[in-house]
Engineer: 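Here's a structure for you.
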Amino acid sequence: MPELPEVETTRRGVLPLLGGRRVSAVMVNDGRLRQPVTRDLETILVGQRLRDVERRAKYLLFQFESGALIVHLGMSGSLRVVPASAAKLAHDHVEIEFGAERVLRLRDPRRFGLVLWTADEPSKHALLAKLGPEPFDEAFCGDYLFDKSRGRSLAVKNFIMDGHVVVGVGNIYASEALFRAGIHPARAAGRVSRARYESLATQARLVLAAAIEAGGTTLRDFMRNDGEPGYFSQKLKVYGREGEACESCGGLIAMQVIGQRSSFYCGKCQR
DNA sequence: CTTTACGCCTGACGGC
DNA sequence: TGCCGTCAGGCGTAAA
């Protein structure tokens with residue numbers, strides 16, 4: 001599922017293909033996403049030039065001349081750029097054509113994604129206005145996490161997955177960052193030391209950066225019509241590895257459901 | 001205020 | 001082989 005690295009990889013994949021081009025056609029094949037796709041999207045977009053593609057949290061912001069298209073990939077969404085002649089895949093719900101050779105197609109089998117138009121500054125949109133800092137923002141640091149977590153009893157894993165605390169740390173990378181920082185995922189957020197939060201912030205940034213780096217090698221896949229574009233197999237140390245040996249101590253990796261989410265960790269290395 | 005539960009949706013997978 | 005139940009998961013919202 002798209003986590004922040006996949007979304008950023010998507011941004012980097014589509015921007016050079018579509019940036020500066022004008023929309024020639026829009027097709028909404030199925031507008032029933034998490035929220036209904038903005039009505040009259042075709043009327044709004046056709047003729048407009050795409051100025052930039054930005055990212056805030058896991059939202060992609062397609063900046064046009066008179067506003068922005070906010071796109072979220074949800075659980076199963078993916079974007080690719082193909083010629084109009086390319087066969088449509090099942091669940092290609094929205095298509096934005098920038099000339100016949102470059103059609104942006106949103107595929108989303110589970111339809112948890114989002115396609116919304118805003119004429120205003122996207123950061124003012126209700127979905128984005130209250131989000132915490134980006135993990136690569138200097139505001140995201142050990143002191144920030146320490147101060148923000150005082151008095152909080154929820155598990156540290158749920159704490160760092162809260163978009164009001166920091167954005168873009170989903171279930172996979174929360175497990176990975178906590179393993180690298182040696183912090184048990186179920187530990188109360190308010191009982192993690194300042195120094196360990198410093199390590200957590202650093203490790204979160206490192207693992208996300210490595211995943212984005214890995215994604216860079218698959219950018220060409222955005223032009224393919226088969227398979228999942230722009231995604232990549234990231235070397236994960238604990239996620240999905242229940243029962244396997246911890247690469248650090250050789251102990252067994254455990255799985256525990258924390259806050260309704262599967263969490264993977266090494267009980268020896270993480271306290 | 002914090003915390004928890006749930007719904008949205010469909011493909012994959014295990015059990016029978 | 002095929003049917004069916006369960007699970008996965010980001011994120012907003014309602015409820016406790």
Side-chain angles (χ1 to χ4, degrees), chain A residues 1-11 28-38 55-61 70-79 88-94 106-116 118 122-135 145 147-177 185-192 204 208 211 226-231 233-234 236 238-243 255-264:
Chain A
M1 72 303 312
E3 293 228 23
L4 184 141
E6 288 84 351
V7 177
E8 176 61 20
T9 297
T10 298
R11 187 190 72 79
V28 178
N29 303 317
D30 186 345
R32 298 172 300 160
L33 301 184
R34 195 172 81 215
Q35 294 178 33
V37 172
T38 300
R55 180 188 59 76
R56 174 73 174 110
K58 293 174 187 170
Y59 295 93
L60 287 167
L61 310 174
I70 300 173
V71 175
H72 195 288
L73 299 177
M75 291 282 312
S76 57
S78 60
L79 294 176
K88 291 184 191 179
L89 302 179
H91 315 293
D92 275 346
H93 300 316
V94 179
L106 169 68
R107 178 167 188 267
D108 187 3
R110 294 180 202 175
R111 304 213 308 266
F112 280 18
L114 206 58
V115 175
L116 296 176
T118 176
S123 63
K124 294 178 182 170
H125 193 282
L127 291 172
L128 306 185
K130 293 178 180 174
L131 294 177
E134 291 286 326
L145 287 175
D147 293 344
K148 190 110 180 160
S149 62
R150 290 311 89 182
R152 302 288 298 275
S153 62
L154 85 170
V156 61
K157 175 162 175 281
N158 301 120
F159 176 68
I160 61 166
M161 287 176 66
D162 181 346
H164 301 100
V165 174
V166 60
V167 302
V169 182
N171 198 40
I172 294 172
Y173 293 106
S175 279
E176 292 297 311
R187 171 176 286 272
R191 302 213 169 186
V192 175
L208 288 169
D226 58 320
E228 284 299 290
Y231 299 164
S233 52
Q234 157 85 354
L236 301 173
V238 288
Y239 187 85
R241 296 186 178 278
E242 181 183 14
M255 194 283 278
Q256 183 184 334
V257 175
I258 303 170
Q260 288 79 243
R261 290 286 179 270
S262 299
S263 308
F264 300 85

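Just the heavy atoms: all of them, side chains too, but no hydrogens, waters or symmetry mates, feed the values below.
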Engineer: For A:Arg150 and A:Arg152, indicate whether the former's side chain and the latter's backbone hold a donor-acceptor pair under 3.5 Å.
Structural biologist: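 No, because the side chain of A:Arg150 does not come within donor-acceptor range (under 3.5 Å) of the backbone of A:Arg152.
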Engineer: To the nearest Å, how far apart are A:Met75 CE and C:dC11 P?
Structural biologist: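 Between P of C:dC11 and CE of A:Met75: 10 Å.
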Engineer: When we call it a touch if two heavy atoms are under 4.0 Å apart, what does A:Leu114 touch: a base, just sugar-phosphate, or nothing?
Structural biologist: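 The residue A:Leu114 makes no contact with any strand.
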Engineer: Minimum heavy-atom separation for A:Ser263 and A:Ser175, please, with both atom names.
Structural biologist: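 Shortest heavy-atom separation between A:Ser263 and A:Ser175 comes out as CA-OG, 3.9 Å.
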Engineer: What is the distance from CD of A:Gln35 to P of C:dG12, rounded to the nearest Å?
Structural biologist: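 So the two atoms are 9 Å apart, to the nearest Å.
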Engineer: Check the distance between C:dC11's C1' and A:Leu116's CG and give it to me in whole angstrom.
Structural biologist: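 Atom CG in A:Leu116 sits about 13 Å away from atom C1' in C:dC11.
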Engineer: Which pair of non-hydrogen atoms, one from A:Pro133 and one from A:Arg56, has the smallest distance, and what is that distance?
Structural biologist: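 Closest heavy-atom pair between A:Pro133 and A:Arg56: C-NH1, 4.2 Å.
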Engineer: Does A:Tyr59 make a side-chain N or O approach to OP1 or OP2 of C:dG12 shorter than 4.0 Å?
Structural biologist: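 Answer yes for this pair, as a side-chain N or O of A:Tyr59 is under 4.0 Å from OP1 or OP2.
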Engineer: Using side chain to side chain contact (heavy atoms under 4.5 Å, CB included) as the criterion, point out the one residue from A:Arg241, A:Met255, A:Gln256 that pairs with A:Phe264.
Structural biologist: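 That would be A:Met255; it is the only one of A:Arg241, A:Met255, A:Gln256 passing the side chain to side chain contact (heavy atoms under 4.5 Å, CB included) with A:Phe264.
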Engineer: Any chance you could lay out the side-chain contact (heavy atoms from CB on, under 4.5 Å) test for A:Lys148 and A:Val166, step after step, and finish with the verdict?
Structural biologist: CA-CA 11 Å; A:Lys148 190 110 180 160; A:Val166 60; over 6 Å; no
Engineer: Specify the separation, in whole Å, of atom NZ of A:Lys130 and atom P of C:dT13.
Structural biologist: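 In whole Å, C:dT13 P lies 10 Å from A:Lys130 NZ.
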Engineer: Using OP1 and OP2 only, check whether a side-chain N or O of A:His72 sits under 4.0 Å from C:dG10.
Structural biologist: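 For C:dG10, neither OP1 nor OP2 has a side-chain N or O of A:His72 closer than 4.0 Å.
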Engineer: Pick one: which of A:Leu60, A:Leu114, A:Val7 meets side chain to side chain contact (heavy atoms under 4.5 Å, CB included) with A:His72?
Structural biologist: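 Option passing the side chain to side chain contact (heavy atoms under 4.5 Å, CB included) with A:His72: A:Leu114.
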Engineer: Angle between the two end axes of the helix from B:dT2-C:dA16 to B:dC16-C:dG2, five base pairs per end, rounded to 10 degrees?
Structural biologist: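 Computed from the C1' atoms at both ends, the axes differ by 50°.
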Engineer: Rounded to whole Å, how long is the line connecting atom CE of A:Met161 with atom C1' of C:dC11?
Structural biologist: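 Distance check: A:Met161 CE to C:dC11 C1' gives 10 Å.
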Engineer: Nearest-Å distance, NE2 (A:His164) to P (C:dG10)?
Structural biologist: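 Answer to the nearest Å: 16 Å.
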Engineer: Would the base of C:dA8 count as contacting A:Arg261 through its side chain, where contact means a donor and an acceptor less than 3.5 Å apart?
Structural biologist: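 Answer is no: no donor-acceptor pair is held.
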Engineer: Between C:dG10 atom P and A:Leu60 atom CG, what is the distance in whole Å?
Structural biologist: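 So the two atoms are 16 Å apart, to the nearest Å.
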Engineer: Might you point out which heavy atoms bring A:Pro109 and A:Ser76 nearest each other, and give the distance in Å?
Structural biologist: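 That closest heavy-atom pairing would be CD-O, 3.3 Å.
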Engineer: I need the CD-P distance between A:Gln260 and C:dT6, as an integer number of Å.
Structural biologist: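 Checked: the CD to P distance equals 17 Å.
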Engineer: 5' to 3' on DNA chain B, which nucleotides open and close the contacts with chain A (atom under 4.0 Å from a heavy atom)?
Structural biologist: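 Taking any atom under 4.0 Å from a heavy atom of chain A, the span is B:dT2 to B:dG11.
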Engineer: May I ask you to decide if A:Leu116's main-chain N or O and A:Gln35's side chain share a donor-acceptor pair within less than 3.5 Å?
Structural biologist: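 Looks like no, no N/O pair under 3.5 Å.
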Engineer: Given 3.5 Å as the limit, does a donor-acceptor pair link the side chain of A:Asn171 with the main chain of A:Ser262, or not?
Structural biologist: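 A pair under 3.5 Å: yes.
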